Amino acid sequence: MSALSGKDLRERWIANAESLDKRGHFATYSSKLRDEVLRKGFLGRYPPDQAIKMAMAQAEQGQGYRTPKFNDEMRAHFGLVGAEAGDKLLKVLDETPPESYEPPFELIDPPGCPFIFRSSVLGCEVFFTFQIIGTARKPRVVFWSCHPPLY
């Protein structure tokens, strides 16, 4: 995890959102959502650093849900299946830098938490995304994607 303070992280998320906005990243966002991401630096209820902690806790407890797409990508790109994929997921979460959060290009509700960073665990740059669904009292983490970036 990052050694940056919450204030420093928020400043980075906001600066990143402003940079993405200049390149048209939020063209499909409603003005309300665009304003939200430019004000906070992220979408949704949970700041990226908190979302990573929630995802880690649920993955450790076996409560997070890995979608078939996530499992397929872990197998296809990294040769990981079953328990080995689960073990690597914990290590990837542990190394995910909160400052690598990038607001989603395509909106889904609730918004996903995409991160793009160099993974020492997987040995390459990765696009890693999960989503927190449910209520504030009963959140549930859904792991959607983990693969090398497409650009």
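Position 1 is the first residue of the sequence, and the numbers go up from there. Side chains are part of it too, since the values below use all heavy atoms of this structure and drop only hydrogens, waters and symmetry mates. Values in this document were obtained by computation on a predicted structure and should not be read as measured data.
Within a 6.0 Å radius of CD in Q61, more than 12 heavy atoms belonging to other residues, nucleotides or ligands are found. The local environment of CZ in R66 is crowded, with over 12 non-hydrogen atoms from other residues, nucleotides or ligands closer than 6.0 Å.
Between F128 and F115, the ring planes are tilted. Angles from 30° to 60° get that label.
Remark: D87 engages no residue in a salt bridge (charged side-chain N to carboxylate O under 4.0 Å, His left out) (not counting sequence neighbours). Take R10 and apply the salt bridge (charged side-chain N to carboxylate O under 4.0 Å, His left out) test, not counting sequence neighbours, and it matches no residue. In terms of the salt bridge (charged side-chain N to carboxylate O under 4.0 Å, His left out) criterion, D8 has no residue partners (sequence neighbours excluded). For E102, there are no salt bridge (charged side-chain N to carboxylate O under 4.0 Å, His left out) partners at least two apart in sequence or on another chain. Residues passing the side-chain contact (heavy atoms from CB on, under 4.5 Å) test with R34, sequence neighbours excluded: D21, F26, Y29, L38.
Residue E99 comes nearest to L9 through the heavy atom pair OE1-CD2, 3.7 Å, listed as atom of the first residue, atom of the second, then distance. Looking at every heavy atom in both residues, F78 comes nearest to C124 through CE2-SG, 3.6 Å. Taking all atoms of both residues into account, the shortest heavy-atom contact from W13 to G41 is CB-O, 3.4 Å. The two atoms that bring P103 and V37 nearest to each other are CG-CG2, 3.6 Å, heavy atoms only. The two residues F143 and G64 make their nearest non-hydrogen contact at CE1-CA, 4.0 Å.
E125 is listed as a side-chain neighbour of I116, based on a closest heavy-atom distance under 4.5 Å. For the pair V126/F117, a side-chain contact is recorded, criterion being any heavy-atom separation below 4.5 Å from C-beta on.
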Go through the steps to decide whether H25 and F105 satisfy the test side-chain contact (heavy atoms from CB on, under 4.5 Å), and finish with yes or no.
CA-CA 6 Å; H25 189 82; F105 182 73; 3.6 Å; yes
Quick one: do L122 and C146 satisfy side-chain contact (heavy atoms from CB on, under 4.5 Å)? Show the steps, please.
CA-CA 10 Å; L122 299 174; C146 188; 3.7 Å; yes
Would L90 and M56 count as a side-chain contact (heavy atoms from CB on, under 4.5 Å) if you check the C-alpha gap in whole Å, the side-chain angles of each, and the deciding distance to 0.1 Å?
CA-CA 7 Å; L90 288 172; M56 175 65 94; 3.7 Å; yes
Should K69 and D72 be marked as a salt bridge (charged side-chain N to carboxylate O under 4.0 Å, His left out) after you check the CA-CA gap, both sets of side-chain angles, and the distance that decides it?
CA-CA 5 Å; K69 178 184 185 295; D72 289 349; over 6 Å; no
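In this structure, F127 CZ and S100 OG are separated by 11.0 Å, a value rounded to the nearest 0.5 Å. Taken from CE in M74 to CG in L89, the straight-line distance is 6.0 Å, to the nearest 0.5 Å. For the atom pair CZ of R45 and CE of M54, the computed distance is 8.5 Å after rounding to the nearest 0.5 Å. We find the CD-CG distance between E11 and N16 to be 13.5 Å, quoted to the nearest 0.5 Å. Atoms SG and CD1, on C113 and I52 in that order, are 8.0 Å from each other to the nearest 0.5 Å. The NE2 atom of H147 sits 4.5 Å away from atom CD of E73, with the distance rounded to the nearest 0.5 Å.
The closest donor-acceptor contact from the side chain of E36 to the backbone of L43 lies at 3.5 Å or more, if one exists at all. Without hydrogens or angle criteria, E95 side chain to S120 main chain gives a donor-acceptor distance under 3.5 Å. The backbone N or O of A15 lies less than 3.5 Å from no partner atom in the side chain of S19, so there is not a single donor-acceptor pair.
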For a quick test of your reading: what N or O donor-acceptor pairs under 3.5 Å do the side chains of residues 132-139 make, sequence neighbours left out?
{"from": "T135", "atom 1": "OG1", "to": "R137", "atom 2": "N", "distance (Å)": "3.4"}
{"from": "T135", "atom 1": "OG1", "to": "K138", "atom 2": "N", "distance (Å)": "2.9"}

